[in-house]
Amino acid sequence: MQDILKKSAIAQFNSIKNKEIKAVELTQATIERIKSVDEKLGAFNSLTEETALNTAKMVDEKVAKGEELPLLAGVPLALKDNMNLIGSKTTASSKILENFVSPYNATVTQKLLDNLVPIVGKANLDEFAMGSSNENSAFKKVHNPWNLNKVPGGSSGGSAAAVAACESALALGSDTGGSIRLPASFCGIVGMKPTYGKVSRYGLIAFASSLDQIGPFARTVEDAAALLEVISGYDKHDSTSLKLPVENYRNTINNDIKGMKIGVVKELVGEGLAADVSKAIQNAIDTYKSLGAEVVEISLPNIKHSIGIYYILATAECSSNLARFDGVKYGYRTKNSKNLLEMYCKTRAEGFGPEVKRRIMLGTYALSSGYYDAYYKKAQQMRRVVTNDFLAAFEKVDVLIAPTCPNTAFDLGSKTEDPLAMYLTDIATIGANLAGIPALSVPAGFDKDGMPIGLQIMSPQLTEAKLFNVAYKFEQAHDYYTKLAEV
Ligand code: GLN
């Protein structure tokens, strides 16, 4: 592998600006890297070589003319395969969309293209982003670059594995209940979910619209901050998009955090935590104290209900969002049906995988008359209660810390027969989606088997600048982020 591929996105960007490497060469080296290792990893569903090289060429032309480059121009990126890139397949790792070619760009994709970021391919995921291990892809599993027998985490497992294995410097993922942060933590990289509404969801295949948010993956906090700057901003195509100016997070990333108040979430550091994860959290507490922050214990008394709330709301929303895949407008259609109703039923029976069907059935049940008040309405009320816990906590502290996951990456196949065990891996991440707050996972060490551990940091809505600042200070106090998986 060429050394440049191991560098951070900002370092790659600077090398292009300073004419040390051509953008086309960097994109070619990245694609070669993917071709040499991805058979082992399964991180990509498809490559978009032509788009990437065309974009890179435009970067080199600008450099030759002495023009200023937009942020991250020329730095290769992997796009999760549930976001549209015009003229290429968007499959959501589902058989039902296996041959769907997008006629338009997602807003995030357009922003990347505007900034001349070469999109090298579409990253594998759990089907329709439903899962925690990337084993629900209809096409192939993703393997963790640190140990090929382990899961990369999900649902954005391909995006995380790609960045961890230097198949790209950057990736985008989507996070509905932890799908950016969990794979970031399992793969030893940075993954960040912005405030709900910061990044447009237009052109992202909807899973649970009130929870979905697109965010960056990178190997450093600074890179993730830069990528969020590129993709965020108001969009008239998304009615939940916030009308706020795009911020520069890198300006304040190295601010002193002396005197800052950091809360450790009591409910997420107790029972059920793997010993090495527990040690890593203690280490993080010590680090923050040595940086002059005040660390206190904070209770989120209702966080224990978040999984139950989430699996009612997310399934309810997905049962509605996925109704559009009926064999009529796009995607797969069954070959043998006698009438319209049979065509709908067979298309969906043949096109969706087992986990997606389970979610649609759960959600349809939760929304059905007679059960609506008992499940959906109650879950909405409880979502407010959990959000209020966060609001109360942020009255007392600036940010909250917790593990991203109580354990490190598990063996492939070890939880596939037990959906409940799989759902429980999201205990620490779902709260941020329910409350709509920004949250991030940053590398925080390794367990005894050498698997990465993630530290999760959460902050109040629209305080991304503070979140990146607190994460950066921790990152720079250690060398975990400099360690790379050997693939
Ligand atoms: N693991 C969670 C689920 O299966 C979260 C998925 C996500 O964030 N997209 O629903």
Side-chain angles (χ1 to χ4, degrees), residues 1-38 43-81 83-91 101-123 158-159 162-163 165-172 203 214 216-220 222-224 226-233 246:
M1 170 175 32
Q2 291 190 27
D3 276 348
I4 181 91
L5 300 182
K6 297 182 190 162
K7 297 218 166 109
S8 71
I10 290 288
Q12 292 185 5
F13 177 55
N14 287 334
S15 295
I16 294 169
K17 273 206 298 202
N18 301 334
K19 302 189 186 172
E20 289 152 22
I21 187 165
K22 285 206 159 70
V24 167
E25 286 165 12
L26 177 58
T27 293
Q28 274 164 345
T30 300
I31 290 168
E32 265 166 43
R33 169 77 181 155
I34 298 172
K35 287 184 177 166
S36 76
V37 293
D38 208 56
F44 285 88
N45 282 343
S46 60
L47 294 189
T48 48
E49 241 177 293
E50 218 186 287
T51 313
L53 286 168
N54 283 340
T55 310
K57 251 182 234 148
M58 282 153 70
V59 176
D60 289 334
E61 281 161 20
K62 264 189 178 295
V63 174
K65 282 192 227 150
E67 290 175 23
E68 206 183 313
L69 293 181
L71 184 56
L72 297 177
V75 182
L77 173 141
L79 195 63
K80 188 176 181 180
D81 201 9
M83 297 172 210
N84 288 332
L85 169 63
I86 198 164
S88 72
K89 282 188 190 175
T90 307
T91 70
V101 175
S102 171
Y104 71 102
N105 280 328
T107 297
V108 286
T109 309
Q110 193 55 54
K111 283 179 181 286
L112 293 169
L113 296 175
D114 291 347
N115 270 49
L116 302 179
V117 175
I119 298 170
V120 290
K122 303 301 293 290
S159 303
V163 172
C166 301
E167 290 180 296
S168 65
L170 298 168
L172 287 190
I214 295 172
F217 282 103
R219 289 189 294 270
T220 71
E222 189 188 18
D223 286 357
L227 183 52
L228 183 60
E229 290 173 26
V230 172
I231 62 167
S232 59
V246 174

List the residues meeting side chain to side chain contact (heavy atoms under 4.5 Å, CB included) with Glu229, not counting sequence neighbours, and say none if there are none. Leu71, Asn248, Tyr249, Arg250
Tightest non-hydrogen contact, residues Ser159 and Leu172, listed as OG-O, 3.0 Å
Quick one: does any side-chain atom of Thr48 pair with a main-chain N or O of Gly121 as donor and acceptor, under 3.5 Å? yes
Going by an N to O cut-off under 4.0 Å, is there a salt bridge joining Glu49 and Lys35? yes
Which pair of non-hydrogen atoms, one from Leu5 and one from Ala29, has the smallest distance, and what is that distance? CD1-O, 3.6 Å
Separation between SG (Cys166) and CD1 (Ile4), nearest 0.5 Å, reads 11.0 Å
Nearest 0.5 Å please: distance from the CD atom of Glu32 over to the CE atom of Met1. 12.5 Å
Salt bridge (Lys or Arg N to Asp or Glu O under 4.0 Å) partners of Glu50, counting only residues at least two apart: none
Contact summary for Gly233 and Val246, nearest pair of heavy atoms: CA-CG2, 3.9 Å
Side-chain heavy-atom pair Leu112, Leu227 within 4.5 angstrom cut-off: yes
Under the rule for side chain to side chain contact (heavy atoms under 4.5 Å, CB included), what residues qualify as partners of Ser8, not counting sequence neighbours? Ile10, Ala11, Thr220, Asp223
How many angstroms lie between CG in Leu77 and CG in Asn115, if you round to the nearest 0.5 Å? 11.5 Å
Tightest non-hydrogen contact, residues Met83 and Lys122, listed as O-NZ, 2.9 Å
To the nearest 0.5 Å, atom CG of Leu26 lies from atom CD1 of Ile16 at 5.0 Å
Please check if the side chain of Thr55 supplies one atom and the backbone of Thr51 the other of a donor-acceptor pair under 3.5 Å. yes
For Asp81 and Thr91, indicate whether the former's side chain and the latter's backbone hold a donor-acceptor pair under 3.5 Å. yes
Looking only at heavy atoms, which two atoms of Gly158 and Ala123 are closest? And how far apart? C-CB, 3.8 Å
Between Asp114 and Lys111, does any side-chain N to carboxylate O distance fall below 4.0 Å? no
Please collect all side-chain hydrogen bond (donor to acceptor under 3.5 Å, both in side chains) contacts where either partner lies in residues 12-21, sequence neighbours excluded, each pair once. Ser15-Glu20
Side chain to side chain contact (heavy atoms under 4.5 Å, CB included) involving Lys57 - partner list, sequence neighbours excluded: Val24, Asn54
Which pair of non-hydrogen atoms, one from Ala224 and one from Pro216, has the smallest distance, and what is that distance? O-CG, 3.5 Å
For Asp38, what residues pass the side-chain hydrogen bond (donor to acceptor under 3.5 Å, both in side chains) criterion, not counting sequence neighbours? none
